[in-house]
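Only one structure is covered here, and it is reproduced in the block below.
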Amino acid sequence: MTGKIFRAIVSVAVIILIASTAVITGCMYSYFGGVHEQQLSNELDLAAAGTEQGGESYLAQVRSDNFRLTWIAADGTVLYDTHANASEMTNHAEREEVAGALSYGRAASSRYSSTLLERLMYEAVRLSDGTVLRIAASRATVGAIVIGMLQPILFVVIAAAVVSGIFASRMAKRIVGPLNRLDLEHPLENDVYPEVSPLLTRLHQQRVQIDDQLASLRRRADEFEQITGSMTEGLVLLDAKGSVLSINPAACKIFQTNPGCVGSDFVAVNRSRDTIAAVSQAFEQGHSEIRISRGGHEYQVDFSRIETGGEAVGMAVLAFDVTEQAFAERNRREFTANVSHELKTPLQSIVGSAELIENGLVKQEDMPRFIGRIRQEALRLVLLIEDIIRLSQLDEAEEMEKERVSLYDMSEEVVAALQPNAAARAITLSVEGDRGEFDAVPRLIHEIVYNLCDNAIKYNVDGGKVLLRITDGGNSVKLTVSDTGIGIPPQHQDRVFERFYRVDKSHSKQSGGTGLGLSIVKHAVQYHHGSVSLESETGKGTTVTVIFPKLVNVAGD
Ligand code: ADP
């Protein structure tokens, strides 16, 4: 801008200078031309008077470098010339000024010289004897004047250019200075040229608009951060090149990174062949998913391409915890395999014994043993199927009717039922403590007490003891079943509540166990929102503690 102002001022100054020089030169030329013509006319009158009196002798004495006199006869013959030999000169009758003087008494004309830089002026007058006296003088043309004045003109132009340059430079700086010092943060607070006011007002309006838009963008970014920040699922947004645009805290935890990874390639953040393949598959096909294991958890990671106008502009990566789901799936698979195995073993035994009998390979005296085995295995199958049905009912979590139950009465009932088993091995069963009344599903409570007491007998030593103690804690009822049996080694204690888990398979089978007893206990306790725990020492005995909360909303269960 400074340059433009500078150039404009210098150009205007030079143009004005040239134009004024031309106009002044023109005016001067015209004025001095008029004066010169008048002088020439006066000289002609003077010379005409002299020639009238003195003739050729007068003309001979005229000495002037400024003009030339030519005396011409009426027929055009040159009689005398002050600057040339008259006899050598051609006839002048046709010359414009001579012809004019002969006709009208006085005439003038002018002609350019061959160089065009000089103009010859002629004026002729007819004398009383009919001859014509002509005066001629040369006069410089405008071109000659300009060439003659070129040096001073150039000097003035250069001086004017320098002066106007200095002036223009200062002027430009003075004009631009306030513009450079404008406070664009607060456009309306500037007090400069009124001409820039509309611009500053517009700037102010745009600033307000930009501030509004920025505030709204910031608000949206905050909302986005708040929402994604409180998500338990990990969310990562990638750009079209696969670089991280945003990552929420849950994703940082899952992918074991930090928010500083924004801007890096996601594949570098989560280096694995599966991830690389999933990202490129999602970019190509729109969607892909993988499972990853981190910190004992299993996560499903979904990659979804984000498109605008049919073009991939990025990708959303959503990672969520599927540990429980995976665990349940694994459990279900294991359970199915276990059930098949558990059913197959007694069935094979039944089929085998039946085939032997059918083929007459069993002696008559062995018959009761074989039939007894068939019956025993069939009974095992029934027990197993009953336990599976119970478990699946508990899995379904169907609503069952609750009523007031006394844990003490229930324990006495169970003890009475199991007394023959205990007596067979000289095991003492006893119940003590509070009545332990609370609202529960009687069948399930019976199941819990029965299974725990049954285990305490089954895994006891001959002549051992089993004690069922009920404690009413006001808000809860506690049942502890202690035995003096074989105990459970520490490495198995966490797993005995799993389905089909048995410390000693043969012992369990021998004593009619299905491996589902404690699993049923755990689910039945959970159904009542209670908790079950186990303490055991190998060779000393086991104590299982079950706590039932009393304040459970009966109608809601
Ligand atoms: P099972 O039908 O085999 O008894 P459970 O689910 O009731 O199945 O018990 C799982 C395993 O836990 C048993 O096989 C046994 O090894 C162990 N167990 C359960 N209760 C006791 C106990 N009171 N004393 C010692 N071991 C026990």
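As the structure is a prediction and not an experimental result, all values here were calculated from the model. Just so you know, ligand 1 is whichever comes first in the structure, and atom 1 is the first atom listed for that ligand.
For Met231, the CE atom counts as densely surrounded, since its 6.0 Å shell holds more than 12 non-hydrogen atoms of other residues, nucleotides or ligands.
Of all the listed residues (Gly517, Gly515, Gly485), Gly515 holds the heavy atom that lies closest to atom 2 (O) of ligand 1.
Salt bridge present: Arg502 and Glu342 bring a charged side-chain N and a carboxylate O closer than 4.0 Å. Between Arg443 and Glu447 there is a salt bridge, with a side-chain nitrogen of the basic residue lying less than 4.0 Å from a carboxylate oxygen of the acidic one. Note on Arg207 versus Glu185: salt bridge recorded, some NZ/NE/NH1/NH2 to OD/OE distance being below 4.0 Å. Arg390 and Asp387 are joined by a salt bridge, as a carboxylate oxygen and a charged side-chain nitrogen come within less than 4.0 angstrom of each other.
Shortest contact from atom 3 (O) of ligand 1 to any protein heavy atom: Ser508 OG, 2.4 Å. Scanning the protein for heavy atoms near atom 19 (C) of ligand 1, the closest one is Asn455 ND2, 3.5 Å. Protein heavy atom closest to atom 26 (N) of ligand 1, with residue, atom name and distance, is Ile488 CG1, 3.2 Å. Protein heavy atom nearest atom 12 (O) of ligand 1, with residue, atom name and distance: Val496 CG1, 3.3 Å.
Put simply, the side chain of Arg499 does not reach to within 4.5 Å of the side chain of Asn338, judged on heavy atoms. Within the 4.5 Å cutoff, the side chain of Val405 has no heavy atoms near those of the His446 side chain.
Not a single heavy atom of Asn451 sits less than 4.0 Å from an atom of ligand 1. In this structure, His492 does not count as a contact residue of ligand 1, since none of its heavy atoms falls inside 4.0 Å of the ligand.
Between Ser272 and Asp274, the side chains place no donor N or O within less than 3.5 Å of an acceptor N or O (distance only, hydrogens not considered).
The Thr514 neighbourhood of ligand 1 comprises atoms 2 (O), with distances under 4.0 Å to a heavy atom of that residue. Taking every non-hydrogen atom of Gly487 and a distance limit under 4.0 Å, the qualifying atoms of ligand 1 come out as 25 (C). Of all the atoms in ligand 1, the ones that sit under 4.0 Å from a non-hydrogen atom of Gly513 are 1 (P), 2 (O). Close approach to Lys458 involves these atoms of ligand 1, each under 4.0 Å from a residue heavy atom: 1 (P), 2 (O), 4 (O).
For the pair Arg332 and Phe335, the cation does not sit on the ring face, since its NZ or CZ is not both under 6.0 Å from the ring centre and inside 45° of the axis.
Taking distance alone, with nitrogen or oxygen atoms compared against 3.5 Å, Asp483 approaches ligand 1 more closely than that limit. Backbone and side-chain nitrogen or oxygen atoms of Tyr501 are examined, and none is located within less than 3.5 angstrom of a nitrogen or oxygen of ligand 1. Polar contact check, Tyr459 against ligand 1: a nitrogen or oxygen pair lies under 3.5 Å apart.
Here the side chain of Glu233 pairs no donor or acceptor atom with the backbone of Ala250 at under 3.5 angstrom.
Contacts between Leu518 and ligand 1, counted as non-hydrogen atom pairs separated by less than 4.0 Å, involve both the backbone and the side chain.
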